[in-house]
Asks: 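Please read through the structure below; I'll follow up with questions.
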Protein chains: 2
Amino acid sequence: MLRLSKLTDYAVVVLVRLSVGEAVQTSPGVASSIGIPEPTVAKVLKALAGSGLVASQRGARGGYRLMRPLAAIPVSDVIAAIDGPIALTACVDGAATACETSSLCPVAGRWDPVNEAIQSALDGITLADMQKSAIPRAFRLPHPTQSIAAAE
Amino acid sequence: MLRLSKLTDYAVVVLVRLSVGEAVQTSPGVASSIGIPEPTVAKVLKALAGSGLVASQRGARGGYRLMRPLAAIPVSDVIAAIDGPIALTACVDGAATACETSSLCPVAGRWDPVNEAIQSALDGITLADMQKSAIPRAFRLPHPTQSIAAAE
DNA sequence: AAATATCGGACCGTGCGGGTCCTGTTTCAG
DNA sequence: CTGAAACAGGACCCGCACGGTCCGATATTT
């Protein structure tokens, strides 16, 4: 439960990858470096560009560029960019459609305080925090199995 | 995003409903009073019983009984009971199956701090809080539209 | 012993996310 | 000036998990 979409996970990886170089990076390039199919990466990048987290440079020699440092990107922004606004239940926005039938609904899913709590919790964590907690040496692994074995 | 299952929403409603009387209540009775199909309520009750949030009384004159007051039930418990442990990504527990392919994964979804933050945020909110924040007069609304209009 | 109500499982349909592909447009390189 | 590279924005399909249903077994009360 509370599972967020795989795309969001990808988005974090993509953004971190995008932060390593200051130059623009193509989506195929990012895809190959993180081991995710290109079309999926392209879709993620597109969504991120739409939310203003990354900027796109069209044409040849184009690519994507990070607009803010990782420390200035809370995970809530990434989640909102990929999966839409943070709302645990459909009762909050689409309430009219679902809840009109059951006027008996006592709580009617008063999830607002819960949503706010999660929102604030997510605002307090930036991608830099997530990057920091990740194992640093895993960033470049030409031979995955060997490196993993060496790490253990 | 971050949508939790409808079952969890139901669980909250069921638990609140279960708190009104001290006597055991049958699942059909609860179902009819909150306007949710009986089999679904039964499934929710079953899950809640498995997590120890409610106790079941088998046999004739049986039913379900709340084991703790609402104030002692954090939403995290309800979510855990219905949807399983709180983990945003599949990377945390099922990591072996999914992530072995991409050893390149730099962050590998270092969502642990995020999970913890959400967990603690959810621990701080009890069902009593959600019940309290619900509009009180909404508990019995024969004519919803009128009441809503009056509220504005 | 019979009636009642939970328990525990299997079962299935549907919606949505995950993933792919194609076409158009823009820009740089030659 | 032309061609190639790369983003933009669709449409599209597949699979899975959730939501919902049903039935037999079990336990308890009358």
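So you know, we letter chains A, B, ... as the sequences are listed, proteins then strands, and number each from 1.
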Asks: Base, sugar-phosphate alone, or nothing: which one does B:Pro39 contact when heavy atoms must sit under 4.0 Å apart?
Replies: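 Answer is base: heavy atoms of B:Pro39 come under 4.0 Å of a base.
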Asks: Generate the contact string for nucleotides 3-10 of chain D. Rules: B means base contact, S means sugar-phosphate contact only, - means no protein heavy atom under 4.0 Å.
Replies: --BSBSB-
Asks: What is the distance, to the nearest angstrom, from the CD1 atom on A:Ile82 to the P atom on C:dC16?
Replies: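 Rounded to whole Å, this separation is 19 Å.
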Asks: Mind calculating the distance between NZ (B:Lys6) and C1' (C:dG13) to the nearest angstrom?
Replies: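 My rounded result for the distance is 14 Å.
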Asks: Within less than 4.0 Å of OP1 or OP2 of C:dG19, is there a side-chain N or O belonging to A:Tyr10?
Replies: yes
Asks: So if I apply the side-chain contact (heavy atoms from CB on, under 4.5 Å) rule between B:Val30 and each of B:Val13, B:Val14, B:Ile36, which one comes out positive?
Replies: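 Single pass found, and it is B:Val14.
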Asks: Would you please name every residue forming a side-chain contact (heavy atoms from CB on, under 4.5 Å) with B:Pro37, sequence neighbours left out?
Replies: B:Pro39, B:Thr40
Asks: Quick one: list whatever passes side chain to side chain donor-acceptor pair (under 3.5 Å) with A:Thr126, sequence neighbours left out.
Replies: A:Asp129
Asks: List, one per line, each side-chain donor-acceptor pair under 3.5 Å for residues 44-69 of chain A, sequence neighbours excluded.
Replies:
| from | atom 1 | to | atom 2 | distance (Å) |
| --- | --- | --- | --- | --- |
| A:Ser51 | OG | A:Ala47 | O | 3.4 |
| A:Arg68 | NH1 | A:Ala72 | O | 3.1 |

Asks: Applying side-chain contact (heavy atoms from CB on, under 4.5 Å), name anything that partners B:Glu116, two or more places apart in sequence or on another chain.
Replies: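 side-chain contact (heavy atoms from CB on, under 4.5 Å) list for B:Glu116, sorted by chain: empty.
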Asks: Tell me the interatomic distance from B:Glu38, atom CD, to C:dA5, atom C1', rounded to whole angstroms.
Replies: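 These atoms are roughly 13 Å apart.
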Asks: Quick one: list whatever passes side-chain contact (heavy atoms from CB on, under 4.5 Å) with B:Pro28, sequence neighbours left out.
Replies: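 B:Pro28: side-chain contact (heavy atoms from CB on, under 4.5 Å) contacts with B:Thr26, B:Glu38.
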